[in-house]
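In what follows, chains carry the letters A, B, and so on, assigned in the order in which the sequence lines appear, proteins first and then strands, with residues in each chain numbered from 1.
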Amino acid sequence: MKRVAIFFVTYVAILGSVCMAANIPKAVFPETSFSFGGIKQGQPLIHTFSVVNQGQAPLKIERVRPG
Amino acid sequence: MAHFDRVIPPGGEGKITLKVNTKGYQGKIIKSARVYTNDPAKRMTVLSISAFIKVPIYLSSRYVYFYGMEGQKHVRVVDIIAKQNKPLELTPEQYTLGEKVSYELRELEKGKKFRVTFTNKNTSPGSYYGYLRLKTNYQEKPEITIRIRGRILKKRLPKKRPLSAPKGLHGSG
């Protein structure tokens with residue numbers, strides 16, 4: 001009986017953590033830096049980074065602060 | 001400057017575009033941006049872009065700043081280096097601080113390296129601002145402007161304290 005109780009509690013704990021993990025977003029950046037090499041002065045530097053949401057909930061980009 | 005997708009669905013891909021204006025920059029630059037998301041495992045990610053900004057004429061500094069107390073003489077040096085194979089020629093075109101700061105333009109390496117030495121003439125307190133404009137023979141950079149700023153502070157004289165005899169030296173009569 002005791003064994004069954006321990007099994008049940010463990011099962012519920014694992015199930016709970018899996019459910020919680022399933023409802024969170026996960027941001028994955030394939031690249032975080034980019035080098036343009038040599039560029040003429042005055043030419044703008046424009047680069048697009050991608051971010052993949054590997055989670056189970058919508059990923060929100062709250063803000064981007066240039067530094 | 002940055003543009004980005006606000007919400008990315010599960011399994012989806014979003015874009016973050018960074019833009020940097022290189023006007024006025026020279027040499028290596030690194031610009032970064034901090035991206036804040038609702039991912040509880042990683043709230044913030046730093047993205048960076050780097051480049052080497054090539055200029056036809058390199059200036060060791062575009063600004064000269066004189067700061068000090070009155071009566072002090074200051075010297076500031078700006079080196080100008082040609083970054084193209086063509087020999088560089090520089091001709092003074094306009095100078096607005098003749099009374100306050102003197103300058104000397106010397107050619108260190110023929111057609112390649114020049115040095116401008118600025119010396120403050122007027123060491124009286126006050127602020128001033130001006131520039132030296134040089135004409136070049138490079139089509140890509142027909143003129144160079146070096147901006148000069150000065151702030152000379154008034155010397156403070158130490159306050160005179162009244163003399164008082166040390167304790168114990170007072171005569172008793």
Side-chain angles (χ1 to χ4, degrees), chain A, chain B residues 1-59 62 83-84 136 138-144:
Chain A
M1 186 66 189
K2 198 177 175 184
R3 274 188 183 177
V4 173
I6 290 169
F7 175 78
F8 182 74
V9 168
T10 312
Y11 177 76
V12 168
I14 291 169
L15 191 70
S17 63
V18 166
C19 285
M20 277 179 73
N23 286 324
I24 58 167
K26 189 183 177 189
V28 176
F29 289 84
E31 69 167 358
T32 54
S33 63
F34 182 81
S35 175
F36 285 84
I39 261 192
K40 271 188 178 179
Q41 191 185 53
Q43 205 176 323
L45 308 179
I46 302 170
H47 185 71
T48 300
F49 292 92
S50 62
V51 52
V52 180
N53 181 7
Q54 289 186 355
Q56 296 302 311
L59 174 70
K60 288 178 189 164
I61 297 178
E62 288 157 357
R63 60 188 189 275
V64 178
R65 286 251 171 97
Chain B
M1 209 165 65
H3 294 284
F4 54 94
D5 295 328
R6 301 249 168 211
V7 181
I8 302 145
E13 185 180 336
K15 304 276 182 205
I16 300 165
T17 302
L18 302 182
K19 186 179 175 185
V20 177
N21 189 352
T22 63
K23 196 181 168 189
Y25 286 99
Q26 57 179 18
K28 188 168 184 175
I29 62 161
I30 300 171
K31 292 282 171 187
S32 60
R34 283 174 289 173
V35 179
Y36 295 88
T37 67
N38 65 336
D39 178 352
K42 203 172 186 195
R43 289 273 179 201
M44 196 267 286
T45 301
V46 177
L47 303 178
S48 67
I49 51 178
S50 63
F52 188 88
I53 309 302
K54 292 191 276 186
V55 286
I57 301 166
Y58 172 84
L59 267 80
R62 294 193 300 145
K83 289 286 178 187
Q84 290 187 346
T136 87
Y138 280 14
Q139 272 188 342
E140 306 85 346
K141 184 85 179 165
E143 62 179 36
I144 293 169

How far apart are the closest heavy atoms of A/Gly67 and B/Lys31, and which atoms are they? O-CD, 4.3 Å
Most contacts with chain A, counted as non-hydrogen pairs under 4.5 angstrom, among B/Ala41, B/Gly12, B/Ser50: B/Ser50
For B/Ile29, which atoms come within 4.5 Å of any heavy atom of chain A: side chain, backbone, both, or neither? side chain
Residue B/Met44 versus chain A: region with a heavy atom under 4.5 Å: neither
Other residues, nucleotides and ligands only: do more than 12 of their heavy atoms fall within 6.0 Å of CD on A/Glu31? yes
Chain A: which of B/Pro9, B/Ala51, B/Gly14 shares the most heavy-atom pairs with it under 4.5 Å? B/Gly14
Heavy-atom proximity to chain B below 4.5 Å, by part of A/Phe49: both
With rounding to the nearest 0.5 angstrom, report the CG to CD1 distance, B/Asn21 to A/Ile46. 10.0 Å
Interface check, chain B: of A/Thr48, A/Leu45, A/Val52, most non-hydrogen pairs under 4.5 Å belong to A/Leu45
Between B/Glu13 and A/Ser50 the two heavy atoms that sit nearest each other are OE2-CB, 3.0 Å
Which atoms form the tightest heavy-atom contact between A/Pro25 and B/Pro40, and what is the distance? O-CD, 4.0 Å
Here the gap from A/Gln41 atom CD to B/Lys23 atom NZ, rounded to the nearest 0.5 Å, amounts to 9.0 Å
So B/Ile8 and A/Ile61, do their side chains get closer than 4.5 Å, heavy atoms only? yes
Could you grab the distance from atom CZ of A/Phe34 to atom CG of B/Leu18, nearest 0.5 Å is fine? 11.5 Å
Rounding to 0.5 Å, atoms NE2 (A/His47) and NZ (B/Lys19) come to a distance of 15.5 Å
Starting at CD of A/Gln43, measure out to OH of B/Tyr25 and round the result to the nearest 0.5 Å. 15.5 Å
Inter-residue atom distance A/Glu62.CD - B/Arg43.CZ, 0.5 Å rounding: 6.0 Å
A/Val64 to B/Ala2 - nearest heavy-atom pair and separation: CG1-CB, 3.7 Å
Partner of A/Leu59 by side-chain contact (heavy atoms from CB on, under 4.5 Å), out of B/Asp5, B/Thr37, B/Val7: B/Thr37
Side-chain donor or acceptor of B/Ser48 paired with backbone N/O of A/Ser33 under 3.5 Å: no
Which answer fits B/Lys42, side chain, backbone, both or neither, if we ask what part of it has an atom under 4.5 Å from a heavy atom of chain A? neither
Out of B/Leu47, B/Val35, B/Asn38, return the one with the most heavy atom pairs under 4.5 angstrom to chain A. B/Asn38
